[in-house]
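We name chains A, B, ... by the order of the sequence lines, and we start the count at 1 in each one. Just so you know, these numbers use all the heavy atoms, side chains as well, and skip hydrogens, waters and symmetry mates.
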Amino acid sequence: MQSKRTKIKEALINQENVGKEIIVKGWVRTIRGSKFVNFIALNDGSTIDNIQLVVDVANEKAFELCSKISTGACISCTGILVQSQGKGQSFEIQASEIEIYGTADPEIYPLQKKGHTLEFLREIAHLRPRTNTFGAVLRIRHHMAFAIHKFFNDKGFFYLHAPIITGSDAEGAGEMFKVTTLDFNNVPRNEDKTVNFKEDFFGKATNLTVSGQLESELGAMALSQVYTFGPTFRAENSNTTRHLAEFWMIEPEIAFFDIDDNMDLAEEMLKYLISYAIENCKEDLEFLNKMYDNELLARLDFVVNNSFQRLTYTEGVEILKNAGQKFEYPVDWGTDLQSEHERYLVEKHFKKPVILINYPKQIKAFYMKQNEDGKTVRAMDVLFPGIGEIIGGSQREEDYDKLANRMKEMHIPLEEMYWYLDTRKFGTAPHSGFGLGFERLILFVTGMGNIRDVIPFPRTPMNAEF
RNA sequence: UCCUUGAUAGCUCAGCUGGUUAGAGCACAUGACUGUUAAUCAUGGGGUCCCUGGUUCGAGCCCAGGUCGAGGAGCCA
């Protein structure tokens, strides 16, 4: 039976089906009409467009059946695909037979024909995929995930699966979630009262990963070019439109790449992904452009067709100091740029994506390649309008001694990280990489304003529902 | 975590200077209508005014504490 179903997307584009009997299945968006004829807008998620079912309800039986169908119900419909008599759609189905798979009591079904606020939809995240907006976002999200794999595969990268559970707590990218099977009511203790993790599942303290980068580097030191694409966890008490406790990250790592190669790859990748969306998610993007953000499509085009502005942190600081604008936080060489500073550079000064490199070493991670000036490291941040930092990366320090010294300065335990240091001890190589926040990419591509609305089931402080 | 702001019908919101029985639109129910596009029209049902305490003759409204949401900041992707 399933094989006979025609997806609504195909029904709406395949002219050759006109005049033929087809079966469509999906969820009712609206039902309306009069005593003699009812109209059902049906959606099966294959496309944002609904197909209109025309149901003759002149006879008692059909009228009975239709009275059970309401917004949210799931039905199967057999009928002839015909040219529509009405305006608003070119094809419709003259229904001959309808089967109800599941009704949706209109008194309690939360989704209405009317628009809902995004805040309300977050509270019913189990049902929001059935809305136009989330259907569009989820389809785009899929296409972007696929495009990422395609981009790297076409370039000869290998997909490396970094572990989700990590035994290292020295990655230095934020607070971690603990992973344990210990009984909280009876925690084994050492003599000094500290927790005895030798009794735990792995025989040591473990956490959820905050980054796949270090493992990615291990892969790059053998396969030359690899990438990871997986979930990442940060136990920060962040309550913003740009942070999640569980998010997905793409981390390419490439041997023999310097910072310029790294910037080239980041820019090429972002442009590829955005182009891919423009080509493959047209209807969904047009919907989002119409409903939420009238400049979305223009902005996507602009990013694809213009080169990113590249400059050093030092140059950026100079621009900000000469901006003739009051900032809430002062601009000072050596301190990290605030959101308002990044905004100014991207949205006011250059009016295009910006890549900043060569940051002061004291505000960046231990593994970044140290420049000869002794003050800066070869870090790279890609800043996007409205999003801020969409990519953070760097050329890595490949010199064993320099890396080890920096780790000591930053109080990172060398013994625990022996495996990472081994890459520099045995056949070290210059290499670079970066991390792309998947949800931040989706934010930019969809024009949505809150990161909780571009992932199916967001995890944020005090929220792990569904 | 800090700052700002909000919570009234299923949803979105109004509610005056503290004063009778808390309203509207949509949704829902019933009916009308021969092709509708968030259909239209008529009628109807629907409320723990977030919680706790206080002030007052009287609190949706004022005060205190709390809970939850949103926006901004920090941390970052």
Rounded to whole Å, please give me the gap between [atom1] in [X] and [atom2] in [N].
X	N	atom1	atom2	result
A:Met269	B:A77	CE	C1'	12 Å
A:Ile148	B:A77	CD1	P	16 Å
A:Ile390	B:A77	CD1	P	13 Å
A:Tyr329	B:G74	OH	C1'	7 Å
A:Arg459	B:C76	CZ	P	24 Å
A:Ile93	B:U36	CD1	C1'	17 Å
A:Met462	B:U1	CE	C1'	14 Å
A:Arg242	B:C76	CZ	P	12 Å

With under 30° as parallel and over 60° as perpendicular, where do the rings of [X] and [Y] fit, or are they tilted in between?
X	Y	answer
A:Phe120	A:His116	tilted
A:Tyr344	A:Phe327	perpendicular
A:Phe157	A:Phe152	tilted

If you measure from the [atom1] atom in [N] to the same atom in [M], how many Å do you get, rounded?
N	M	atom1	value
B:A22	B:A59	C1'	13 Å
B:A9	B:G15	C1'	14 Å
B:A27	B:U43	P	16 Å
B:U8	B:C51	C1'	15 Å
B:A14	B:A24	P	16 Å
B:G19	B:C61	C1'	11 Å
B:U21	B:C49	P	15 Å

Closest contact, heavy atoms only, [X] versus [Y]:
X	Y	result
A:Cys77	A:Ile93	SG-CG2, 4.2 Å
A:Gly392	A:Asp381	CA-OD1, 3.8 Å
A:Ala266	A:Met380	CB-CE, 3.8 Å

### Lys/Arg N to Asp/Glu carboxylate O, A:Asp264 vs A:Arg310, below 4.0 Å
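Judged by the 4.0 Å cut-off on N to carboxylate O distance, A:Asp264 and A:Arg310 do form a salt bridge.
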### Query
So, are A:Glu267 and A:Lys271 salt-bridged, with charged N and O less than 4.0 Å apart?
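Salt bridge present between A:Glu267 and A:Lys271.
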### Task
Can you check each nucleotide of nucleotides 37-48 of chain B against protein heavy atoms at under 4.0 Å and return B for base, S for sugar-phosphate only, - for none, in 5' to 3' order?
BBB---------
### Task
Treat primed atoms plus P, OP1 and OP2 as sugar-phosphate and everything else as base, then score nucleotides 2-9 of chain B 5' to 3': B for base contact with protein heavy atoms under 4.0 Å, S for sugar-phosphate contact only, - for none.
--------
Can you tell which of [options] lies closest to the side chain of [X]?
X	options	value
A:Arg440	B:A77, B:C68, B:C28	B:A77
A:Gln112	B:A77, B:G35, B:C11	B:C11
A:Thr241	B:C33, B:G74, B:G72	B:G72
A:Met249	B:C76, B:A77, B:A73	B:A77

So what does [X] hit on the nucleic acid, given a heavy-atom distance under 4.0 Å: a base, only sugar-phosphate, or nothing?
X	value
A:Glu246	nothing
A:Arg452	sugar-phosphate
A:Ile391	sugar-phosphate
A:Glu251	nothing
A:Thr232	nothing
A:Leu244	base
A:Phe36	sugar-phosphate
A:Tyr109	nothing

### Query
Considering residues, nucleotides and ligands other than A:Lys7, do more than 12 of their heavy atoms fall under 6.0 Å from its NZ?
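No, because the 6.0 Å sphere around NZ of A:Lys7 holds 12 heavy atoms or fewer from other groups.
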### Message
How about NZ on A:Lys9, more than 12 heavy atoms from neighbouring residues, nucleotides or ligands closer than 6.0 Å, or not?
### Response
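Count not over threshold, so no.
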### Phosphate OP1/OP2 of B:C76 contacted by A:Thr240 side-chain N/O (<4.0 Å)
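Answer no for this pair, as no side-chain N or O of A:Thr240 is under 4.0 Å from OP1 or OP2.
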### Task
Confirm from the modelled atom types if A:Glu236 and B:G74 form a donor-acceptor pair under 3.5 Å, side chain to base only.
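No such pair is found, so the answer is no.
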Pair [X]-[Y], side-chain donor/acceptor within less than 3.5 Å:
X	Y	value
A:Thr78	A:Glu97	no
A:Glu253	A:Tyr227	no
A:Asn294	A:Asn289	no

### Given RNA chain B, 5'-ward residue of the pair A:His116 and A:Leu337, judged by closest heavy atom
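This one resolves to A:His116.
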### Message
Heavy-atom nearest nucleotide on RNA chain B for A:Pro110 versus A:Ser67: which residue maps closer to 5'?
### Response
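Going by which nucleotide is closer to the 5' end, it is A:Pro110.
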Taking the ring of [Y] and the ring of [X], is the distance between their centroids below 6.0 Å?
X	Y	answer
A:His431	A:Phe257	no
A:Phe151	A:Tyr276	no
A:Tyr159	A:His149	yes
A:Phe384	A:Phe308	yes

### Task
With sequence neighbours left out, write down each residue that passes salt bridge (Lys or Arg N to Asp or Glu O under 4.0 Å) with A:Glu409, or none if nothing qualifies.
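So A:Glu409 forms a salt bridge (Lys or Arg N to Asp or Glu O under 4.0 Å) with A:Arg406.
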#### Entry: Residues touching RNA chain B, which here means a heavy atom under 4.0 Å, drawn from residues 284-291 of chain A
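Within residues 284-291 of chain A, no residue comes under 4.0 Å of RNA chain B.
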### Query
Got a sec? Which of residues 118-135 of chain A come in under 4.0 Å of RNA chain B, heavy atoms?
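Hits under 4.0 Å, by residue number: A:Glu119, A:Phe120, A:Arg122.
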### Query
Can a cation-pi geometry be assigned to A:Lys321 and A:Trp333, taking NZ or CZ under 6.0 Å from the six-membered ring centre and within 45° of the ring axis?
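No - A:Lys321 does not lie over the ring of A:Trp333 by the 6.0 Å and 45° rule.
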### Task
Check whether the aromatic ring of A:Phe438 stacks on the base of B:A77, taking stacking as ring centres less than 5.5 Å apart and planes within 30° of each other.
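By the stated criterion, A:Phe438 and B:A77 do not stack.
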### Task
Can you run through RNA chain B from 5' to 3' and write each base as (, ), [, ], | or . depending on how it pairs? Watson-Crick or G-U wobble, both distances under 3.5 Å.
(((((((..((((.....[...)))).(((((.......))))).....(((((..]....))))))))))))....
